[in-house]
Q: 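Once you've had a glance at the structure underneath, I'll fire off some questions.
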Amino acid sequence: MPKRSLLPDPVEAYVFDLITRETPIQRRLRQATASLPNANMQIGPDQAAFFDLLIRATGARRALEIGTFTGYSALAVASALPPDGLLVCCDISDEWTSIGRPFWRQAGVESKIDLRLGPALDTLRALLADGAASSFDFAFIDADKSSYPAYYELCLSLVRPGGLIALDNMLRHGAVTDPSDTEPETETIRSLNLFLRDDPRVDSCLLTLGDGVALVRRRAPAPA
Ligand code: SAM
Ligand code: CA
């Protein structure tokens, strides 16, 4: 399996293959993705289990995903939402998201998923224009890194006060600590980590789960 955490290989295998709860449909979707050249874009099963627990623990009903790929993280989130829950998925690839759809159907969650193909910035702006501000409970940002700051700002408008935003790959497989790595995407993630640490609009922490997951909670506005 392609590596998708910062753990040493034997520890990753222990967590992924022995300890983590994964449904047979989730496992089959992971297997169906494994032969793709970009298979390591998929979150690990431990991260999927964490999102499952987070959605259930917070009672989330409306969720957003920016970056769906073959639908593994979407399957986990949608499965944890209540029967009348909604997950709006944003992606530009019909080819990749089409791989996930039969698995969503088998799991009985296809009707909860509203997949919007097109640049996520357009989809998020359209949601805001349609009056969806402050209406989501959870958002997962896992698409092109250069747009993370813009996705974050839009998600902060779309989640309700008390709602959560998770941002993936915030450690860039350790590249954030390598001063010789001056790639624009690495610089963007470095400065976003510092920005989140100091952003007074949110509570935030950086989880060393997967490739680093920043978890942010929108604070209620201070009373006037
Ligand atoms: N969350 C997925 C999972 O765990 O299986 C992985 C998502 S993958 C890291 C990133 C996805 O972002 C790709 O499927 C890609 O097509 C999509 N993407 C890239 N640029 C995008 C954009 N501008 N708007 C929407 N989606 C985009
Ligand atoms: Ca990712």
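Hydrogens, waters and symmetry mates play no part in the numbers below; they use all other heavy atoms, side chains included. Atoms within a ligand are numbered from 1 in the order they appear, just like the ligands themselves. Along the sequence shown, residues are numbered consecutively beginning with 1.
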Q: Hey, does Gly67 come in under 3.5 Å of ligand 1, counting only N/O atoms on both sides?
A: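 Among all N and O atoms of Gly67, at least one is under 3.5 Å from an N or O of ligand 1.
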Q: Tell me which part of Tyr151 gets within contact of ligand 1: side chain, backbone, both or neither, using heavy atoms under 4.0 Å.
A: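 Side chain only; the backbone of Tyr151 stays clear of ligand 1.
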Q: Could you check atom 24 (N) of ligand 1 against the protein and tell me its nearest heavy-atom contact, residue, atom and distance included?
A: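 Going atom by atom, the protein heavy atom closest to atom 24 (N) of ligand 1 ends up being Ala120 N, 2.9 Å.
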Q: Report yes if some N/O of Ala143 lies less than 3.5 Å from some N/O of ligand 1; otherwise report no.
A: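 No, there is no polar N/O contact under 3.5 Å.
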Q: Hey, are the side chains of Asp114 and Arg116 touching, using non-hydrogen atoms and a 4.5 Å cut-off?
A: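 The answer is yes; the side chains approach within 4.5 Å.
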Q: Under 3.0 Å from the Ca ion (ligand 2) - does any N, O or S atom of Asn169 fall there?
A: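 Coordinating: yes.
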Q: Not counting sequence neighbours, list each pair that qualifies as a salt bridge (Lys or Arg N to Asp or Glu O under 4.0 Å) and has a residue in residues 123-139.
A: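 Of all non-adjacent pairs touching residues 123-139, those that pass salt bridge (Lys or Arg N to Asp or Glu O under 4.0 Å) are Asp137-Arg160.
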Q: Is it the side chain (CB and beyond), the backbone, both or neither of Thr33 that lies under 4.0 Å from ligand 1, heavy atoms counted?
A: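 It is neither; nothing of Thr33 touches ligand 1.
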Q: Heavy-atom distances under 4.0 Å are what count here, so tell me which part of Trp96 touches ligand 1: side chain, backbone, both or neither.
A: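 Side chain only.
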Q: Would you check if Glu110 and Ile113 make a side-chain contact, meaning some heavy-atom pair closer than 4.5 Å?
A: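 No, their side chains stay 4.5 Å or more apart.
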Q: Are any of the N/O atoms on Gln42, whether in the backbone or the side chain, positioned under 3.5 angstrom from an N/O atom of ligand 1?
A: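 Min N/O separation from ligand 1 is not below 3.5 Å for Gln42.
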Q: Are Lys145 and Asp142 ion-paired here, with the side-chain N under 4.0 Å from a carboxylate O?
A: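 So Lys145 pairs with Asp142 through a salt bridge.
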Q: Give a rough value, rounded to 10 degrees, for the angle at the Ca ion (ligand 2) between atoms OD1 of Asp142 and OD2 of Asp168.
A: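 Output for this angle: 90°, rounded to tens.
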Q: Restricting to N/O/S atoms, is Asp211 within less than 3.0 Å of the Ca ion (ligand 2) or not?
A: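 So Asp211 does not count as coordinating the Ca ion (ligand 2).
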Q: Using the ring-ring contact (aromatic ring centres under 6.0 Å, His included) rule, collect all pairs that involve residues 39-79, keeping only residues at least two apart or in two chains.
A: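 ring-ring contact (aromatic ring centres under 6.0 Å, His included) check on residues 39-79 returns Phe51-Phe138, Phe51-Phe140, Phe69-Trp96.
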Q: Hey, which atoms in ligand 1 end up nearer than 4.0 Å to a heavy atom of Pro119?
A: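 Those atoms are 24 (N).
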Q: Any non-hydrogen side-chain atom of Lys112 less than 4.5 Å from a side-chain atom of Leu87?
A: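 With C-beta onward as the side chain, the pair stays apart.
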Q: May I ask you to identify the nearest protein heavy atom to atom 4 (O) of ligand 1, giving residue, atom name and distance to one decimal place in Å?
A: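 Scanning the protein heavy atoms, the shortest distance from atom 4 (O) of ligand 1 goes to Ile43 N, 3.0 Å.
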Q: For atom 15 (C) of ligand 1, which of the options Thr123, Asp144, Asn40, Asp91 provides the nearest non-hydrogen atom?
A: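 Checking each option, the heavy atom nearest atom 15 (C) of ligand 1 is found in Asp91.
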Q: Please verify whether a non-hydrogen atom of Ala48 lies at under 4.0 Å from ligand 1.
A: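 No, Ala48 has no heavy atoms under 4.0 Å from ligand 1.
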Q: What I'd like to find out is whether the side chain of Leu64 reaches to under 4.5 Å of the side chain of Leu124, using heavy atoms alone.
A: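 Result yes, sub-4.5 Å side-chain heavy-atom pair found.
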Q: At what distance is the nearest protein heavy atom to atom 19 (C) of ligand 1, and which residue and atom is it?
A: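 Protein heavy atom at minimum distance: Ile92 CD1, 3.9 Å.
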